[in-house]
**Student:** 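Sharing a structure, written as structure tokens. Questions coming.
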Number of protein chains: 2
Amino acid sequence: MVTSRDVARAAGVSQSTVSYVMSGRRSISEETRRRVLAAIEELTYQPNAGARALASQRTQVIGLVVRFRPGADTTGLLPFIETIAGCARAEDHDVLLVTADEGSEGLTRLAGRALCDAIVMMDIEAADPRIPVAAALRVPVILIGVPDDNAGLHCVDVDFAAAGRLAVGEAAAAGHERIVVIGHAPDVVTRGINFVHRFEEGAAEAARSHGVALEMVSPVEPNRAGAEAAVAEALHRGGPRTGLVVPNSPAVQPVLQALLDRRLVPGRDVTLVGLCTDAVAEASTPAVTNVSLEPRDVSRRAMQILFRLLDRAAEPPAELVELIPPRLTRRETTLPAP
Amino acid sequence: MVTSRDVARAAGVSQSTVSYVMSGRRSISEETRRRVLAAIEELTYQPNAGARALASQRTQVIGLVVRFRPGADTTGLLPFIETIAGCARAEDHDVLLVTADEGSEGLTRLAGRALCDAIVMMDIEAADPRIPVAAALRVPVILIGVPDDNAGLHCVDVDFAAAGRLAVGEAAAAGHERIVVIGHAPDVVTRGINFVHRFEEGAAEAARSHGVALEMVSPVEPNRAGAEAAVAEALHRGGPRTGLVVPNSPAVQPVLQALLDRRLVPGRDVTLVGLCTDAVAEASTPAVTNVSLEPRDVSRRAMQILFRLLDRAAEPPAELVELIPPRLTRRETTLPAP
DNA sequence: CTGTTAGCGCGTTCAG
DNA sequence: CTGAACGCGCTAACAG
């Protein structure tokens with residue numbers, strides 16, 4: 001292992017000078033600076049992370065707590081992880097992965113052992129028992145998702161109420177006087193994720209202001225059978241001129257299929273608005289009008305806030321809860337306006 | 001922050017005794033041992049990771065290098081990550097995530113900065129430029145995937161040749177005298193992933209030994225249009241009594257749909273064998289006869305080997321390349337034997 | 001502008 | 001069986 005002392009020797013300076021050249025925390029003459037950098041290059045020196053962490057009290061590591069839901073909608077997880085890792089690297093930080101099945105213990109370990117400088121937590125439940133633990137840690141924490149009580153922690157999430165308003169507004173504008181929301185998956189509902197309720201509130205508000213009837217079929221298993229049953233129920237209740245809103249991303253495709261099976265072509269006979277990523281919306285035939293969740297925007301904003309919290313100079317954002325506005329994209333499953 | 005000195009003071013022993021109680025590297029009287037453990041509990045002491053790494057030259061961290069393929073078959077990635085994280089925690093290690101777009105630089109950083117004790121690399125290409133770099137690192141590396149030249153590194157992967165033999169064998173046993181492989185995705189082919197070739201060799205071998213004709217439609221985009229085109233091509237060439245083998249996991253569902261669109265029911269009119277996880281195979285209607293990739297088994301084995309390499313006492317496995325046998329599960333898309 | 005020095009918290013050798 | 005003392009490699013305060 002090559003140390004900063006080796007570099008110092010090679011450059012004919014003291015070890016601390018090497019340190020200062022790397023950190024730039026004090027001015028160095030151009031001449032010595034070049035010699036040190038040359039020696040670093042020559043010896044391919046890299047600072048020892050443990051020693052640096054011990055001396056500086058900073059690990060340059062972000063802890064990321066993720067839930068690998070068993071068999072469920074894990075597809076949506078990767079864009080988050082990817083974006084978080086990218087943002088971390090952009091600030092010369094690394095990402096330490098902790099699975100949520102460790103529970104609060106994972107959090108106390110991350111902070112207690114000084115494994116990381118800050119923590120990102122995903123999959124926040126309404127009454128998440130980890131929240132009070134997270135709030136008591138000596139490192140900043142940011143939540144992706146909004147619990148009932150954020151205990152003073154910063155949160156970022158999609159504005160699901162706005163998503164509900166957008167989706168129902170789109171169906172109403174297409175002339176539907178009756179709109180059915182084909183609801184979330186059973187595990188999401190039972191786990192008590194807040195966005196279910198927030199979406200429904202937004203949907204209800206839009207229905208009121210547009211003067212249309214709103215019904216709900218929930219929960220819905222995101223598979224063929226579940227979608228088939230839900231569509232049957234929705235059409236039974238509302239008749240063929242019903243507009244459908246599907247806030248359950250993996251159910252979008254099966255619902256589409258169930259409609260086609262009944263010779264109902266979305267965009268010709270019925271309006272279908274999905275709550276899903278643009279990629280999912282574009283992948284199906286016909287392409288689904290969707291309200292996008294923008295996981296990358298959410299993650300990016302979360303990391304921005306996190307690094308702001310890590311920067312002792314910068315002021316942290318005043319608002320604890322930030323809701324990212326979703327975006328509606330009209331594709332082929334919206335009925336032409338009447 | 002509470003240190004081991006604080007614990008020592010509270011327990012009325014020296015700091016080194018605390019260290020020995022924790023590591024168990026020398027015998028401690030039951031009495032002092034209890035006092036120390038009580039103090040640890042009392043103060044909720046946790047060892048500082050940086051200090052420990054510095055003193056012990058071990059970080060208790062596994063570096064994991066993953067590729068987030070843009071938009072492609074990322075679903076399959078999570079079981080790997082999940083299993084690797086789980087295995088690491090079972091040995092009191094954590095996982096540091098590095099994205100493959102950092103290339104070789106990510107590897108040298110992991111090792112050079114002493115960020116981890118060992119590295120797992122996924123998505124290995126046939127002529128992966130990172131292999132020689134990885135082989136020169138001062139930490140053990142295990143590859144999930146097999147490159148053309150492993151440069152002395154341990155590799156674990158599914159036995160894709162066996163998978164090819166199983167899949168074609170199944171279709172042949174169902175009475176098909178003509179079998180078409182609906183091939184891999186374009187990006188997989190162009191990226192030069194070894195398993196494409198290995199699968200095809202196994203398929204060819206089984207075709208020979210069963211005396212059936214084998215053809216290939218490749219590459220195939222894993223979406224509706226790609227599957228439709230591929231099925232058209234396959235049936236055009238081979239006629240309706242063609243058996244289909246789909247080694248491209250995300251294409252299985254679209255191919256199934258394309259067949260149904262033509263009123264060809266797999267299991268009644270034609271045999272369809274997919275190369276995909278059991279979850280994917282069971283999710284579709286009808287459930288697809290599949291050769292399972294068992295990502296969890298592969299990951300688990302990789303971690304076993306990695307910890308063996310980290311254990312200076314243990315002998316590393318003699319075989320550098322380990323191929324995990326896949327498993328065929330007959331479901332509803334196999335024609336009854338003639 | 002640079003060198004010297006004192007820790008950071010823990011693992012481990014050496015005395016006892 | 002236990003304690004004192006040293007050093008891991010680096011940062012940062014202090015001294016010139």
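Source: prediction; values computed, not measured. Letters A, B, ... mirror the listed sequences (proteins, then strands); counts begin at 1.
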**Student:** Kindly state which residues belonging to residues 40-60 of chain A come within less than 4.0 angstrom of DNA chain C, counting heavy atoms of the residue only, listed by number.
**Tutor:** A:Leu54, A:Ala55

**Student:** Mind checking what makes salt bridge (Lys or Arg N to Asp or Glu O under 4.0 Å) contact with B:Glu91, not counting sequence neighbours?
**Tutor:**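 By the salt bridge (Lys or Arg N to Asp or Glu O under 4.0 Å) rule, B:Glu91 matches no residue at all.
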
**Student:** Quick one: side-chain hydrogen bond (donor to acceptor under 3.5 Å, both in side chains) partners of B:Arg26, sequence neighbours excluded?
**Tutor:** none

**Student:** With B:His93, which residues qualify under ring pair (Phe, Tyr, Trp, His ring centres under 6.0 Å), at least two apart?
**Tutor:**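 Per chain and number, B:His93 pairs via ring pair (Phe, Tyr, Trp, His ring centres under 6.0 Å) with B:Phe307.
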
**Student:** Using a 4.5 Å cut-off on heavy atoms from C-beta on, say whether the side chain of B:Phe195 contacts that of B:Val188.
**Tutor:** yes

**Student:** Under a 4.0 Å threshold between the charged nitrogen and the carboxylate oxygen, would B:Glu125 count as salt-bridged to B:Arg130?
**Tutor:** no

**Student:** Is there side-chain contact between A:Met122 and A:Leu77, with heavy atoms separated by less than 4.5 Å?
**Tutor:**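 Sidechains of A:Leu77 and A:Met122: in contact.
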
**Student:** Does A:Arg35 come within less than 4.0 Å of A:Glu31, counting only side-chain N to carboxylate O?
**Tutor:** yes

**Student:** Do the side chains of A:Arg308 and A:Asp311 get close enough for a salt bridge, i.e. N-O under 4.0 angstrom?
**Tutor:** no

**Student:** Return yes when atom CZ of B:Arg33 has more than 12 non-hydrogen atoms of other residues, nucleotides or ligands closer than 6.0 Å, and no otherwise.
**Tutor:** no

**Student:** When you measure from every atom of DNA chain C, which of residues 6-35 of chain B have a heavy atom less than 4.0 Å away?
**Tutor:**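 Hits under 4.0 Å, by residue number: B:Gln15, B:Ser16, B:Ser19, B:Tyr20, B:Arg25, B:Arg26.
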
**Student:** Mind calculating the distance between CZ (B:Arg5) and P (C:dC10) to the nearest angstrom?
**Tutor:**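 Going from CZ in B:Arg5 over to P in C:dC10 covers 10 Å.
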
**Student:** How about B:Asn194 and B:Asp148: do any of their side-chain heavy atoms sit closer than 4.5 Å?
**Tutor:**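 Yes, at least one pair of side-chain atoms sits under 4.5 Å.
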
**Student:** On DNA chain D, which is the earliest and which the latest nucleotide, 5' to 3', with an atom closer than 4.0 Å to a heavy atom of chain B?
**Tutor:** D:dC1 to D:dG9

